[in-house]
Structures are given as C-alpha cells and as structure tokens.
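Just so it is clear, the model here is predicted, and its values are computed rather than measured. Numbers for residues simply follow the sequence, beginning at 1. Note: hydrogens, waters and symmetry copies are ignored here, and every other heavy atom, side chains too, is used. Atoms within each ligand, like the ligands themselves, are counted from 1 in listed order.
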Amino acid sequence: MTGETNIINALHGKKIVLGIGGGIAAYKSAELARLLVKTGADVHVVMTEAGERFVGRATFQALSGNPVCTSLWDEQANKGMAHITLGRADAILVAPATANLIARLAHGMADDLLSTLCLARDCPLLIAPAMNRQMWSHPATRRNVATLEGDGVSVLGPDTGEQACGEIGEGRMLEPGILCAALIDAFAPKPLAGRKVVITAGPTFEAIDPVRGLTNPSSGRMGYAIAAACARAGADVVLVSGPVALPTPPRVRKVGVTSALSMREAVFGALPAEVFVAVAAVADYRPATVAAHKIKKSGEAMKLELIPNPDILAEVAALENAPFCVGFAAESHDLDAYAESKRRDKRLPMVVGNLVADGLGGGDNTVVIYDDAGRHPLPRAPKGAIADWIVDHLARLLPRD
Ligand code: C5P
C-alpha cells in the first residue's frame with residue numbers, strides 16, 4: 001500500500017484502544033489494527049458481542065499482539081478492572097461504530113465493556129460510523145451524532161458509496177488508511193488552533209463564450225494540500241477553489257468559483273482572517289466581453305481583446321487590517337529574483353517559489369520559502385509533505401496574540 005512508510009512509528013509510545021462494533025465493516029478493522037501496529041502504538045482491541053460475530057478475536061489478537069477483551073465480567077483480564085485500565089489509554093478509536101453503539105455512547109450507557117470504558121475514559125474518543133444510509137440519516141442517529149460531537153468526540157466520516165446491503169449512499173466506514181491517518185492527526189501539534197485561514201487554489205476559467213474559455217493546467221493539488229495541512233494544524237479553513245477534480249479535505253469549507261472576479265468576491269466574502277494563502281493560478285487577463293452565444297468559426301483570424309484581472313493577493317495584502325499573506329511564485333527561470341521582487345512589490349511577509357517545470361500539475365514539488373530572514377530551500381517531496389513544512393513555517397512567523 002502506498003504511503004504506509006509515513007505512518008511508521010508515528011504513534012510510538014502511545015496506547016491505543018481499538019473498539020470493534022457489530023457491523024460488517026469490522027472486517028476492514030483487521031487491516032486498521034495492522035496499520036495501527038505499524039505506527040508503533042501499543043494496540044488493545046476491545047470487541048462488542050456483536051462485533052465478535054463478524055470477525056473472530058483470534059484475528060485481532062494475532063494482529064495486535066495483545067489479548068482481546070470483550071466482557072466486563074472476565075476476571076482474568078486486568079484483574080476485573082479492564083474498563084478502567086483500558087480507559088487509561090492515549091486514545092480510543094471505535095471502528096466500526098454502529099448506529100446502536102453510537103446511541104449507547106451518546107446516552108452514556110455502560111452495558112458492555114466497550115461502552116463502559118468509553119464512559120470511564122480520560123482520553124480522546126474517535127468514532128468511525130458504519131451503517132446503512134437510512135440508519136445514518138435517521139433523525140435519531142443525527143441527534144446522537146450531534147450529542148457526541150457536542151461532547152467533544154471526533155466523528156470520522158462516514159464515506160459515501162456502495163453498501164453491504166447493496167444500496168448506495170452515505171454510511172460506509174472510512175478506509176483503514178484514512179482512519180489511521182486521522183488518528184495520527186489527532187496527536188499532531190495544533191499551531192494554528194483558533195486561527196482562520198483563507199486559501200485560494202486551482203486555476204481560474206475566464207469565459208470567452210458559453211462553451212469556451214481561457215484557463216491553465218493548475219491541478220489545485222498544492223492549494224488543497226495547504227488547506228489540508230492548515231486544517232491538521234487546527235485552523236478554521238476556507239478554501240476558495242477554481243475548477244479542479246479533487247476531493248475537499250476533511251474539516252475544510254470549500255467555496256467553488258470559476259473566474260478571477262468570482263474568486264476575488266469569494267475571498268473578500270470569507271475575510272477577515274488571520275492568514276491568507278494565495279496558491280491559485282489566477283489568470284492575469286480575461287476577455288473584455290463574453291459572447292452571449294457560441295462564436296461560430298468563420299475561417300478568418302479572430303481577435304480577442306483581453307483586459308487585466310484584479311490581483312487578489314495584492315489587494316488583500318494592501319488592506320488596513322491585512323491578514324498574514326503568503327504568495328506563491330511559479331516561475332520558468334530566475335526564481336530567486338522574481339520571488340523576492342514579488343514579495344517586495346506585493347508587500348508579503350512570505351513567498352513560496354517554485355520552478356514551473358518542478359511543480360505545476362504534478363504530485364511532487366521543489367520549493368523555496370522567502371521571508372525577511374532570507375531564502376529557505378526545502379527538499380523535493382510530495383505536495384502533502386511540502387504543505388506541512390510551509391504551514392509550520394508560516395505558523396512560526398505569525399504574530400502572537
Ligand atoms: O504576480 P503573480 O501572478 O506571479 O503572483 C502570483 C501570486 O499572486 C500567487 O500567490 C497568486 O495566487 C496570486 N495572484 C492573485 N491574483 C492574481 C494573480 C496572482 O491572487 N490576479
């Protein structure tokens with residue numbers, strides 16, 4: 001599986017309880033247990049009685065390397081105090097969390113080992129719901145999930161797609177790799193907690209007529225990676241995105257736009273914020289007029305008059321109460337000179353520069369950060385890792401409250 005190297009030892013020294021509810025998605029939790037062991041965590045599996053009907057405890061025992069607990073009344077396990085000793089973990093992840101288990105947790109019930117240790121815990125609780133789409137959308141489940149969220153429980157997913165019952169909809173458990181990454185994120189430092197960040201990403205599309213327009217090959221991946229990294233760092237994130245084919249990262253509010261003018265309007269609508277990161281490849285020009293009907297070919301040369309678009313970043317940076325502004329400079333050559341002049345001209349505390357050949361549209365990037373202290377080259381890496389470094393860097397430069 002790709003990306004597994006990222007998780008190795010990420011939770012070293014942590015004690016994690018993996019709770020298994022009675023849903024068919026329990027078979028995926030065997031893979032989740034394997035991934036959690038790879039993080040270096042000490043993994044303890046607790047199954048409900050219904051959970052045991054889907055996957056045998058021997059599977060989880062072999063994968064976790066620890067005895068599997070199922071009953072409050074097992075005198076051997078933890079001297080009959082399993083609900084207390086297991087509750088003193090660093091985190092409890094319940095996956096799958098069925099509608100019934102969610103209802104019991106929401107009401108503080110303690111009628112089996114898993115629900116009792118969740119009630120007796122002194123650590124974060126994360127749940128990964130898994131159920132039929134009707135059960136998920138039922139008002140009772142909506143209420144119970146809202147109660148748990150209000151109690152500070154992290155609800156991961158669910159996903160949308162094909163269900164075991166053959167129906168299609170919301171209620172699938174998130175994939176094990178995503179759950180494992182979410183658990184790792186839960187332990188990550190939160191240097192942007194309490195800060196609002198507005199980010200632009202992707203290309204803009206400047207219409208010529210109803211079926212044609214001017215655009216560029218920006219994939220949006222760098223901007224989306226920055227949005228995901230800011231959310232991981234605890235920020236309240238608004239992502240103003242041009243047309244791209246990317247899923248919205250968890251805990252990010254996306255505002256979809258097309259033209260530079262609509263991007264500008266959405267950005268100003270999302271302000272004020274503490275941070276503005278302009279990653280979008282905004283078209284510098286747009287057609288002076290947009291034809292109301294499809295332009296027919298005539299065989300003759302065609303003239304297109306282009307007028308300049310507003311520079312969104314420069315306008316935001318010039319505001320009286322400007323957020324901390326980060327610009328991107330994608331250049332074909334002379335990166336240092338152009339990036340520094342962009343930083344000066346737009347009065348930006350921080351610019352991230354890259355050569356177009358290194359980054360535009362691809363999965364990896366090579367960037368240099370420019371700030372008042374000079375240039376800081378980062379090693380070539382996937383855009384997700386680069387995004388984390390950029391966010392760490394900007395968080396360190398932010399004025400303290
Ligand atoms: O001046 P240049 O277009 O090279 O500057 C690039 C930076 O400015 C990027 O951060 C980009 O998102 C932002 N920008 C903008 N509005 C524009 C043009 C660029 O926000 N119209």
**OP:** May I ask you to identify the nearest protein heavy atom to atom 9 (C) of ligand 1, giving residue, atom name and distance to one decimal place in Å?
**Re:** Phe328 O, 3.0 Å
Subject >> ring pair (Phe, Tyr, Trp, His ring centres under 6.0 Å) evaluation trace for His333 with Tyr338 >> reply: CA-CA 8 Å; His333 61 290; Tyr338 283 117; 5.6 Å; yes
Subject >> Check ion pair Arg375-Asp336 (N to O, under 4.0 angstrom) >> reply: yes
**OP:** Specify the protein heavy atom at minimum distance from atom 3 (O) of ligand 1: its residue, its atom name, and the distance to 0.1 Å.
**Re:** Asp284 OD1, 3.9 Å
Original post:
Would you say the side-chain atoms of Asp209 and His293 include a donor-acceptor pair closer than 3.5 Å?
Top reply: no
Original post:
Nearest protein heavy atom to atom 12 (O) of ligand 1, by residue and atom, and its distance?
Top reply: Ala280 O, 2.7 Å
**OP:** State whether Trp136 and Arg172 meet the cation-pi test: NZ (Lys) or CZ (Arg) under 6.0 Å from the six-membered ring centroid, and within 45° of the perpendicular axis.
**Re:** no
Original post:
Which is it for Pro310 and ligand 1 at heavy atoms under 4.0 Å: side chain, backbone, both or neither?
Top reply: backbone
Subject >> Side-chain ion pair, Arg221 and Asp364, N-O less than 4.0 Å >> reply: no
Original post:
When you check the gap from the basic side-chain N to the acidic O, do Arg133 and Glu167 get nearer than 4.0 Å?
Top reply: yes
Original post:
Taking atom types as modelled, is there a side-chain donor on Ser259 or Arg286 under 3.5 Å from an acceptor on the other?
Top reply: no
Original post:
Which atoms of ligand 1 are found less than 4.0 Å from any heavy atom of Gly327?
Top reply: 10 (O)
Subject >> Distance from atom 4 (O) of ligand 1 to nearest protein heavy atom, with residue and atom >> reply: Lys342 NZ, 2.5 Å
Original post:
Can Asp311 be said to touch ligand 1, with heavy atoms closer than 4.0 Å?
Top reply: yes
Subject >> Close approach, Arg264 and ligand 1, non-hydrogen under 4.0 angstrom >> reply: no
Subject >> For atom 16 (N) of ligand 1, closest protein heavy-atom neighbour >> reply: Ile312 N, 3.0 Å
Subject >> Shortest protein heavy-atom distance from atom 13 (C) of ligand 1, along with the residue and atom involved >> reply: Leu313 CB, 3.8 Å
Original post:
Does Ala260 have a heavy atom less than 4.0 Å from any atom of ligand 1?
Top reply: no
Original post:
Looking only at protein heavy atoms, which one is nearest to atom 10 (O) of ligand 1, and how far off is it?
Top reply: Ala278 O, 2.5 Å
Original post:
Who's the nearest protein heavy-atom neighbour of atom 19 (C) of ligand 1, and how far?
Top reply: Lys346 NZ, 4.0 Å
Original post:
Side-chain donor-acceptor pair under 3.5 Å between Thr141 and Asn144, yes or no?
Top reply: no
**OP:** Please determine if Val282 has a nitrogen or oxygen closer than 3.5 Å to a nitrogen or oxygen of ligand 1.
**Re:** no
**OP:** Check whether the side chains of Thr204 and Glu206 place a donor and an acceptor atom closer than 3.5 Å, and report yes or no.
**Re:** yes
Subject >> Ala330 heavy atom under 4.0 Å from ligand 1 >> reply: no
Original post:
Side chains of Asn309 and Asp284: is there a donor and an acceptor less than 3.5 Å apart?
Top reply: no
